Structure formats: structure tokens, C-alpha cells
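What follows is one structure encoded as C-alpha cells, with my remarks underneath.
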Amino acid sequence: MRFAKVRLAPGEKKEYIICAGITEKENFNKEFEKYNSKEKVEAAWKQNEEHWNGEADKIKFQGNSDKFDGWLRWVSIQPVLRKIYGCSFLPYHDYGRGGRGWRDLWQDYLTLLLQNPMRVRSVFVHNMKGVRLDGSNATIILDGEGNFQADRNKISRVWMDHGVWPLFTLLLYMNQTGDISILDEEVSYWKDAQIERAKRIDTNWKKEDGNSQKTKDGECYTGTILEHLLLENLICSLNIGEHGNIKLEDGDWNDQLDMAPDKGETIPFTAFYGKNICDIADLLEIQIEKEDRKTISVFEEMEILLEGLKEKEPQKEVEVLKKYYEHIRFGISGKKKKIPVLELKDMLRWKGKQLLQQVRENEWIELSSKEGFFNGYYNNDGNAVDGILGDGKLRFGLTAQTFSIMSGAATDEQVQKTIHAVNNYLPDKNTGGIRLTLPLGDNTWNFGRGFALIYGEKENGGMFSHMTTMYAYALYSRGYAREGYQIIKSIYELSTNTQIAQIYPGVPEYISSRGRGMYSYVTGAGSWTIFLMLTQVYGIRGQLGDLLIEPKLVKEQYDSGEVLTVDTLFAEKEVCVSFYNRKHLDYGEYQLGELSINGEVWKNQINSTSVVLHQAELEEKLIAGRKNQICIELVERKG
Ligand code: G1P
């Protein structure tokens, strides 16, 4: 860029407006006219600032150190940025084409839905149209609602973790809003040439047939969202490998582990699916209690899968899957079958528990009376990946620990031993960050391309913020607040050590072994951080529309004062919840004392570490159009 030469007299100044943007040629002048004077630029700048402050203020934490609170403001807009631009949109991204994948979509909504619970309903309903009859799904999210592309790189493959995320996010939605009617919404299924979880091609399908699943009569089939969720979770939990865990297929959350499609098994996602299956059983129980539901309707071929729940031997389960695939190979009849809910609920509960037990009992590696960890995987030769290796070295990663803890597969004793092992073996000596894994070791190409990465980079032992945040979430959710806090603190310190991390404020995808923050903004860690802070650390979350408050605050968070507050939305009303800790009590030392709403005492002494405000009470006490103040005293715990 060049400008004409100017000579400035002392004190004189000259201003330039530089506009950069992309638009069609014919719109150039129209766009430029919006910004072609100082006043216009200033007005646009102000509007821009207000917009982003508005986004950052939707969930706003105050009272920690200013730097920490400020950091969280930046983190809270990361999911918004990723929604707009997709993953890998910045120039320094060396991969990707700017799209967002299925799992990223659902996880970003954890925070996007907390910011705007009512606006996301239709997004969720439309997104369920991405599920195929084999429980897999189209992976790339395009613009507009419910528009997908099977795979941008035109490779037929299935990531087995995809089926867990919709239920996880929808559960949060149902709890925040109390709206379980979303389960009864009917939507179509995705259809393309890929069938039987990318193991076969449907040669009869043509592009012109469109991407919605048809019945054999050529009608577009629709089924309930509950049916979609059941299908996704059921198919995976029947897809069991020779060690009793769910098959890895072409990868799970860690998409670097993509080369064990035959004998690979994943323990973390066996645990996650186990939890999901139990959660579906809980949902059915709620439908029975709240709506006196006796049956649910599913497409008739699905009954084969439900029968599979009765199988107790893994090999038989795989046979059931085969039978199901054969039945739907040329489409479905479109007829519905009524399934008794009570019986289904019990079968699901049995299956879910069995998966959790498999992880708890068969994949636990005890190192000493103090330490142990969960094996994460089986490779394509069917050998356990983690454990004590031949040369006496250890190998394990954070993923299996995170999901075994979060799902409830790990017993309390196992959680404690895992924490010891993680703190002992996974910290990076240079940066102090918790690594995703110990060295993967020599690559034999029987597990995944992640092995080809240098140790300390990305999924091979970087401090992978997304998993570390999910680990912290898992710890908090099991009541290990102090240990969880240490983890959040380490991510925060590494991310804000600007001299070394060399990034703008926010949480990066990972911290390299040199301490450098890599791939800013576009990480699922952004969404999980806010979700973790609000629902676990501050402990403010919905329970089928009721508001549960269960703070897990540690005393260091009160170093700058005696009150911690958070602004958020609940039941479509703005609330500001303040926790007063006048005696500087630590987590475990306090319980809830007086609770007041908008200056009026609601209860003198709560006498417990948590409290539930019921929907009807909220309706009465919270006022629309203003910020409602909920103040809670933390007092010494009795007994
Ligand atoms: C990225 C991808 C995500 C994948 C993860 C691990 O994570 O976006 O789909 O599961 O790597 O391989 P993120 O940047 O969201 O932390």
C-alpha cells in the first residue's frame, strides 16, 4: 500500500482510514461508503465493541482476579467464533478447510446453549437429521440449519465417538429448560451411499434420490429424536470387540488414532456410551413418571437391535448388528412398532451398567496401593496399548482417565489413584502442563497416525486443552474440586503466559513442549471451560427446569475479595448469583447459609452444600427484564 507524500507542520496531523474486506465488485462502493469517514468508522467500531461485549457478558464471572475474569471473557466468545468461522480458519492453521465437524458442533453448543437456551431448540432438532440408519452421521456442517456433507475429503469412514455427543448436549438442554418434549419431535434420517458404518456402499442410491432416508415405498421416513438417540447409542454399544469394549472403528475423539479399524477398541468411549445408555434409561423413567408413558414408537426393524440388548455374549451382539444391517440394506418399511417402555428401560440400564463394569473391572491397571490408571485402547493387533511396557516404561493417557471418571465407571478409590498417577507421570517437565499422553512410542502403524507426531506436539503429548478441561470437568463432577481447580489454573497460567505462549487471550488448542500456545480460538476447550465454570465450579445448572445451586469454589478463588459472582440466564430471566465467603472457607469446609432473591430472604439456613429452586418458585420470584440478584452466604459446615 502506498500513500501520497504529505508534509506535516508541527502539531498538525493527518488521519487515514484503511478498509479491508471482501465483497463482490459491484458492491464495493456501497460497502466502502459505510466506512469512508472518521465518524462512520468510530460509530461502526462502537457497534462492533458493543456486539462483542454483549456476547462476552452473557455469562460473566467476577470476583476472581481481574486477569482470570478477563481471560474467561475472551474464552466465552471462542465458541461463538468457531460457530461463525469453523475450525482452522486462521492463517496459522496448517490443517483443515474451515469447516466444523459433528462432534465440534455439539460440544460448542454446550456453551452456546447456556448463553441462549431457548434459541437453540430448532438447531438441535434440525441437526438430528444428520444421523444415518446405521447410527453414524454426516460429518461436516454446512451453512443453514440441518445442512450437512458426508465427508469433505470424500473418504468413507466412521468416528465411533460421534454418537455420544448429541445426547450429552441434549441432556444439558433438557435440564436447563425442562423441555423433554424435544424427544418427541419427528425428523428424517441422513441417507447417502455409505451404509453399514462405512463398510459397504449402497449401489442403488443415486445423488438425485436426495439425502433423506426413504421407506421402501419411496416416502421420506421420520422418527422421533428419542429414536435417533437410541439408535446412535445402541448400535455402538452392540459393536463390541474381543476384549469386551466398543470397537474403535476409524477413530474416536482423538482422531489421530485412526488406524485400528479391525481389532481396535476404545475404553474411554465404552465408558461414555455406558453412561449414555444409563442416561437414556433415566429419560424413559422420567417419561413414565411425568407422562405416564407406557410405550414408545420406533421403526419396526429397530426391534432387532432392542432384542440384541438381551444378548449377554459380545459375539452374539455383533451377529445382531449384522442381522439388523441386512434387514435395512434395501431401506425400511416405514411401519412403526410400539415398545413397552418399562422393559426397555430395564434392558438399557442393564446394558449401560455392564459397559461401565467392563471398564471398571477389566481395564484398570493398578501400579501400587496409591496409583493406578485405565488402559485406553487396543490396537489393530488386539493388544492393549497402555500399561507397563516391556522395558518397564509406562504408557497411558488422559482420555481414558477423563471418561472413566466422568461416566462413573471409576470407583472413588480408582479416581484417587488415577489423580496420583496423572499428577506423577503426565506433567510436562518444561511447562508443567498435563500432557494428553505419555510417549506413544515407535510407530508400528497398527493404531494411528498420531504416532507419527513428534512427542509434545498435538495429540502426541501436547497439553491438549480440550481433554485437560474435560478432565477437570470430570474431577469436579465427582467432587474433586481442589484437584480440578489445579488443572484449570494450569491451563489458565499456560495460556496467559504471553511471553512464552505468544497468543492473544483465550485458550489455545494445545500448548507445545516449548510452552507455545497453538491454534488459538478454534478449540472445543473454549466451550468446555465456560460449561465447567458455570455448571460445576459455580455449580449453577438446571435439573429438568429447576435450578440447582451447588458451588465447588476453593478458597484461593477468594484471594481478591469475599464475594464471587456470575451473571447468566436461567428460565429466560437474567440472574446474577453471588457467593459470599466472609470467613474464607475452603471447599469441603462450607455449606450454604442464607439465600436471598432480589433482597428478600428466601431461606435463613439451607444447611446443605446444595439447594434446588423449583420452576414454580423461580416463576414467582424472578422478574423478566431486569437482573435478578440471588445472594448466598457460605457458612461453616456442620457435622
Ligand atoms: C480437535 C478437533 C476435534 C478432535 C480433537 C482431538 O479438537 O476439533 O474434533 O476431537 O482435535 O483430535 P479441539 O481443537 O476441538 O480441541
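When a ligand or atom number is given, it counts from 1 through the structure's own listing order. The basis for the numbers below is simple: all heavy atoms, side chains too, and nothing from hydrogens, waters or symmetry mates. The shown structure was predicted, so the numbers you read here are calculated from the model rather than taken from an experiment.
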Handout entry: Numbered atoms and elements of ligand 1 in range of G524, under 4.0 angstrom, heavy atoms
Key = 13 (P), 15 (O), 16 (O)

Problem - Approximate separation, where rounding is to 0.5 Å, of Y485 OH and S490 OG - result: 11.0 Å

Handout entry: Pair N245, Y377: side-chain N/O donor-acceptor within cut-off below 3.5 Å
Key = no

Exercise for the section: Go through the structure and list residues passing ring pair (Phe, Tyr, Trp, His ring centres under 6.0 Å) with F464, not counting sequence neighbours. Expected result: W253

Problem - Proximity to ligand 1 by part of R103, non-hydrogen separation under 4.0 Å - result: side chain

Practice task
Evaluate the criterion side-chain contact (heavy atoms from CB on, under 4.5 Å) for residue pair F272 and T266; output intermediate values, then yes/no.
Solution key: CA-CA 10 Å; F272 206 147; T266 159; over 6 Å; no

Handout entry: I454, CD1: over 12 other non-hydrogen atoms inside 6.0 angstrom
Key = no

Fill in the blank from the handout: ligand 1 atoms nearer than 4.0 angstrom to some heavy atom of E509 are 1 (C), 7 (O), 11 (O), 13 (P), 14 (O), 16 (O)

Practice task
Say whether H466, considering both its backbone and side-chain N or O atoms, lies within less than 3.5 Å of an N or O atom on ligand 1.
Solution key: yes

Completion exercise
Under 4.0 Å between heavy atoms, the region of E459 that gets near ligand 1 turns out to be side chain

Problem - Under 4.0 Å to a heavy atom of V522 - the qualifying atoms of ligand 1, by number - result: 14 (O)

Problem - Working for side-chain contact (heavy atoms from CB on, under 4.5 Å), residues N137 and W190 - result: CA-CA 7 Å; N137 54 269; W190 180 261; over 6 Å; no

Handout entry: F464 touching ligand 1 at heavy-atom level, < 4.0 angstrom
Key = yes

Exercise for the section: Specify side chain, backbone, both or neither for D255, according to which of its non-hydrogen atoms lie closer than 4.0 Å to ligand 1. Expected result: both

Practice task
Go through ligand 1 atom by atom and flag the ones less than 4.0 Å from a non-hydrogen atom of R82.
Solution key: 8 (O), 15 (O)

Practice task
Provide the full list of salt bridge (charged side-chain N to carboxylate O under 4.0 Å, His left out) pairs with a residue in residues 430-440, sequence neighbours left out, each pair given once.
Solution key: D428-R435

